[in-house]
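Here is the structure we will look at.
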Number of protein chains: 2
Amino acid sequence: MDYEPVGLATDLVILTVRDGRFEVLLIRRGIPPYQHRWALPGGFVRPGEDLETTARRELAEETGLTGERLPGEQGGRIHLEQVATYGAPDRDPRGRVVSVAYLALVPDLPAPVAGSDAAAASWVEVSDVLADPARLAFDHHRILTDAVERARAKLEYSPLATAFCPDAFTISELRGVYEAVWGTPLDPRNFHRKVTKTTNFVTPTGQTTTRDGGRPAQLFHRGTATTLHPPMTRT
Amino acid sequence: MDYEPVGLATDLVILTVRDGRFEVLLIRRGIPPYQHRWALPGGFVRPGEDLETTARRELAEETGLTGERLPGEQGGRIHLEQVATYGAPDRDPRGRVVSVAYLALVPDLPAPVAGSDAAAASWVEVSDVLADPARLAFDHHRILTDAVERARAKLEYSPLATAFCPDAFTISELRGVYEAVWGTPLDPRNFHRKVTKTTNFVTPTGQTTTRDGGRPAQLFHRGTATTLHPPMTRT
DNA sequence: TCAAAAGTGTTTGGTGTACACCCATGC
DNA sequence: GCATGGGTGTACACCAAACACTTTTGA
């Protein structure tokens, strides 16, 4: 066939919300190029491997999350979606490498990051990384920018914010996700009404918790909705 | 490097609206695999070539549109955006080929399709193609589905419908685009009010036309807006 | 009893929808 | 004049922002 063979890789933008902070998982590169610089986790697609399979495998390597539904768990699967593909001829000094970027949204991980083969992996606040275009290796700043914009937009018209929450969560915990990702405060009372009245956004578990302090709050699971009508608004 | 070399290609979903019909440009394949079957135009990325450059080159080959701004023309550039990347290991019988799909929105072309190297190229109504999952070669039905969904969604919150219109257009011509792409009728009066009151969606040229019959209609250019607040609604 | 967070009620203004109605042209 | 599409006015329903207020817990 008449084509240039290229290296095919995937890069992962793994986002979470921890203690009200919107964070991304970065690794410190142990080998050249860009040795000792921060980068998104990623790697090459193996022979015969599907793109999403590569992404899930790397997600598991970095976070220990398999994306499989655990027995007894309600929500289960980790949200993973393709964002875009980056293929500038000079984006990797080693040669022609095209990278398919994936966005993963994970809840606050109970266990620390384990099983990573990177020199160091850590959660870093998204706003800090976005503010410094030179912090990341390769074109990863561009990739992160695109992925974060996608995530912020999707919170408006999809129930994706629940992907950041544990299996059972309170409305104010969900609101905390919106506030962290968007960086804006929301009215707790109108937010509560809007979420609970949008059909299939969340479903009550019948249980309550006082882990957030104050009056006990109802616990909810993710609902079955895939899009929100009307959308949540950012103001 | 430790990776499987793959063929890298781009496929194009070129959409237009002609006489109130929402259409896609398809080619009839002259060579195997899938000889004599309909497919999206596309081809391999050349050595050292950027992905979008490949897409623009193929767009020019199929339609004669360079995407360059013609002298004296207002709108100019053809809208071209990346949709997604398709990389299932068995999607091409010739071997591992990963394809980056691009979406192009073009106005009703004044000149016929020229300079095409395909056996045959023609405009086909989108709804007809979508209704028959076996009509297209490779995984092109999936690609078309994704691209059309993207286009339909983007009409809501971006001024992209103007990409289907000529340099100067009337509000009812713009409404015709929405109706063709969404497949739903819209109230002409409310549509007119909404479009003209959304800041920078369209800008008046000061001229009028009677080409649509009836009372002369004002002509507009595309405005400078990139997103629409509030969005257009599909009902 | 107080602080803190959950949740409900109510007012008020803006926005989309439906449709009556008038305007400017070609024939 | 009449048909045709362009464009404006307006009533009404709905929705969301703002905020007063009550509820239920822990300390």
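Proteins get letters first, then strands, A, B, ... in listed order; numbering begins at 1 in each.
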Checklist entry - With a 4.5 Å limit on heavy-atom distance, are the side chains of A:Thr184 and A:Glu179 in contact? => result no
Checklist entry - Is there side-chain contact between B:His192 and B:Arg175, with at least one heavy-atom pair below 4.5 Å? => result no
Checklist entry - Which of parallel (below 30°), tilted (30 to 60°) and perpendicular (above 60°) describes B:His140 and B:Phe138? => result tilted
Item to check | Side-chain heavy atoms of B:Gln207 within contact of B:Gln218, under 4.5 Å | outcome: no
Checklist entry - Would a 4.5 Å heavy-atom cut-off, applied to side chains only, mark B:Ser158 and B:Thr227 as touching? => result no
Item to check | B:Thr16 side chain reached by B:Leu25 side chain, heavy atoms, under 4.5 Å | outcome: no
Strictly under 3.5 Å: I want the nitrogen or oxygen pairs between protein and nucleotides 5-8 of chain D, one per line.
| residue | atom | partner | partner atom | Å |
| --- | --- | --- | --- | --- |
| D:dG6 | OP1 | B:Ser172 | OG | 2.6 |
| D:dG6 | N2 | B:Arg215 | NH1 | 2.7 |
| D:dG6 | N3 | B:Arg215 | NH1 | 3.0 |
| D:dG7 | OP1 | B:Gln218 | N | 2.9 |
| D:dG7 | OP2 | B:His192 | NE2 | 3.4 |
| D:dG7 | O5' | B:His192 | NE2 | 3.4 |

Checklist entry - Is the number of heavy atoms from other residues, nucleotides or ligands within 6.0 Å of CD (B:Glu125) greater than 12? => result yes
Next on the checklist: What is the separation between atom NZ on B:Lys194 and atom C1' on C:dG14, rounded to the nearest whole Å?
Outcome noted: 13 Å
Checklist entry - Are the aromatic ring centres of A:Phe201 and A:Phe220 under 6.0 angstrom apart? => result no
Checklist entry - By a strict heavy-atom criterion of less than 4.0 Å, which residues belonging to residues 228-235 of chain A are in contact with DNA chain C? => result none
Checklist entry - How close or far is atom C1' of D:dG9 from atom CG of B:Asp187, stated in whole angstroms? => result 13 Å
